[in-house]
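All heavy atoms count here, side chains included; hydrogens, waters and symmetry mates do not. Numbers for residues simply follow the sequence, beginning at 1.
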Amino acid sequence: MIENRTIPERSIDDNVTDLLMANRDASRSDNKTILLTGGAGFIGSHTAVVLLDRGYDVVLLDNFSNSKRDVPARIEKITDRSCICEEVDLTDEAAVATVFNKYDFDAVIHFAGIKSVGESVEKPLEYYDNNLTGTINLLKAMNASDVKNLIFSSSATVYRQDNPVPYYENYPLGATNPYGWTKVIIERILTDMGAVDHAWRVIMLRYFNPIGAHESGLIGEEPQGIPNNLLPYVAKVAAGDLPEIRIFGDDYDTPDGSGVRDYIHVMDLAEGHLVAMEYLRRMIDRDNKKEITEKDACSVASLTENSSATDEKERRLKDLNVRAFNIGTGKGTSVKEIIAAFERACGKELSKAAYPRRPGDLATVYADTSLAEKELGFKARRGIDEMCIDSWRWQQTAR
Ligand code: NAD
Ligand code: UDP
């Protein structure tokens with residue numbers, strides 16, 4: 001029970017990189033209010049903690065279809081800050097509009113969505129309805145309230161499977177399942193909106209494989225039923241809830257034959273949202289000062305013969321006000337290496353066996369992270385051992 005737990009001293013600032021620190025404005029958040037759709041979920045709740053710690057005010061909007069109602073209270077326990085939550089379904093257009101009439105938001109982080117690849121193949125309409133209708137309702141309410149600053153939870157799944165690794169942001173997009181297509185389509189919608197209305201400032205963060213949990217053990221990932229993803233599955237085997245880890249393929253063309261992914265600690269990912277938010281604010285400041293318009297129009301026009309400066313200015317602005325960034329570590333870790341790290345974390349050997357490859361899986365997926373590092377100043381710093389230690393702590397305290 002959370003009432004009986006001792007909450008460790010919070011030390012987000014102890015954990016962030018020098019780079020992150022250097023990118024922070026001298027001022028804190030100036031009491032900016034951020035709406036977090038899906039804010040009670042895995043990534044949203046950790047981001048809420050980081051934003052509250054940084055001095056932002058947050059409002060969570062969630063229908064609790066994949067999260068628990070006590071998450072806001074747990075966030076308050078960790079941060080000692082108030083965490084408002086509105087129980088609303090994004091597919092309810094009128095209810096979403098009501099939330100925007102109630103608060104004065106400075107920006108929105110849009111996490112809400114359903115995310116199981118396998119389930120999306122079984123229930124495509126449900127996925128398109130929830131993820132696309134929900135997003136469109138959100139964007140309509142944002143437009144109506146003139147709140148045009150958005151960070152969107154995209155995914156590495158938007159990259160076409162025939163791209164070589166590492167994945168770069170300018171690679172061709174495409175998907176192999178309805179879940180992935182919802183992300184591709186939403187990215188398209190946001191890009192098209194940004195092209196016609198430069199007041200929109202959008203950052204699309206393409207997450208790789210988030211794992212881990214907050215160090216307090218109070219919030220973490222809560223998959224319903226038998227987990228599909230590797231880490232929650234391994235954690236349940238360690239807890240004795242499942243008999244053995246299934247290694248889906250040990251004959252891939254990888255160093256140890258098992259699949260390789262780019263795992264990132266959810267707190268690093270949460271901090272990625274903080275730096276993205278501060279980047280968004282710098283975009284707003286620059287736009288207000290018209291610095292982008294002048295500088296980029298001139299530099300691009302001087303390089304291009306066949307376009308007018310105005311066309312290029314428009315094109316350049318479009319490029320600049322809707323941006324995509326990979327958020328990963330840039331390092332690949334195999335299934336077998338993850339299992340070994342989890343065994344170190346829980347202090348025991350875990351039962352495991354090789355199984356056939358899972359249909360649709362790639363051998364190796366990892367990010368090129370240089371764009372996020374260069375432009376956002378973001379660099380993940382927590383390693384695999386810390387990810388597994390925090391996952392195991394959460395597994396032991398999870399309800
Ligand atoms: P999550 O399921 O833990 O959180 C999503 C939250 O959205 C849940 O609390 C759920 O109740 C809520 N929600 C869903 N549909 C809603 C609706 N119609 N109205 C209101 N609330 C709704 O998932 P997560 O892991 O925190 O993922 C957050 C976002 O990041 C999702 O969009 C997901 O697709 C994306 N993403 C996740 C991963 C990952 O591995 N976890 C990877 C890439 C991208
Ligand atoms: N995996 C596995 N056993 C499991 C779940 C996943 O071996 O029970 C492997 C999967 O084949 C992939 C990696 O673990 O190589 C990560 O899979 P996950 O579903 O967590 O994330 P994905 O990268 O597929 O989104």
Can a salt bridge be assigned to the pair [X] and [Y] using a cut-off of 4.0 Å between side-chain N and carboxylate O?
X	Y	result
D251	R357	yes
K148	D197	yes
R282	D285	no
D70	K68	no
E349	R344	no
E169	R206	no
K331	E337	no

Ring geometry between Y167 and Y159 (parallel below 30°, tilted from 30 to 60°, perpendicular above 60°) |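 The arrangement is tilted - the two ring planes meet at 30° to 60°.
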Which one of I203, T191, D192 satisfies the side chain to side chain contact (heavy atoms under 4.5 Å, CB included) criterion with V322?
->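 Running side chain to side chain contact (heavy atoms under 4.5 Å, CB included) over I203, T191, D192 with V322 returns exactly one hit, T191.
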Any side-chain to backbone donor/acceptor pair from [X] onto [Y]? Under 3.5 Å, distance only.
X	Y	value
N149	D106	yes
S258	K336	yes
N63	V88	no
N321	G194	yes
N131	I114	yes

Strictly by modelled atom types, are [X] and [Y] linked by a side-chain donor-acceptor pair under 3.5 Å?
X	Y	value
R246	Y233	yes
N209	R261	no
S153	H110	no

Begin from the C-alpha positions of D268 and R381 and carry the test salt bridge (Lys or Arg N to Asp or Glu O under 4.0 Å) through to its verdict.
-> CA-CA 7 Å; D268 276 328; R381 57 180 299 153; over 6 Å; no
Pair H273 + F378: ring centers closer than 6.0 Å = no
With a cut-off of 6.0 Å (strictly less than), are more than 12 heavy atoms of other residues, nucleotides or ligands near [atom1] of [X]?
X	atom1	answer
D253	CG	no
K374	NZ	no
D104	CG	no

Any L36 side-chain heavy atom under 4.5 Å of L61 side chain |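 L36 does not reach L61 side chain to side chain.
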Verdict with supporting geometry, D57 and R81, salt bridge (Lys or Arg N to Asp or Glu O under 4.0 Å) = CA-CA 9 Å; D57 295 327; R81 297 269 327 269; 2.6 Å; yes
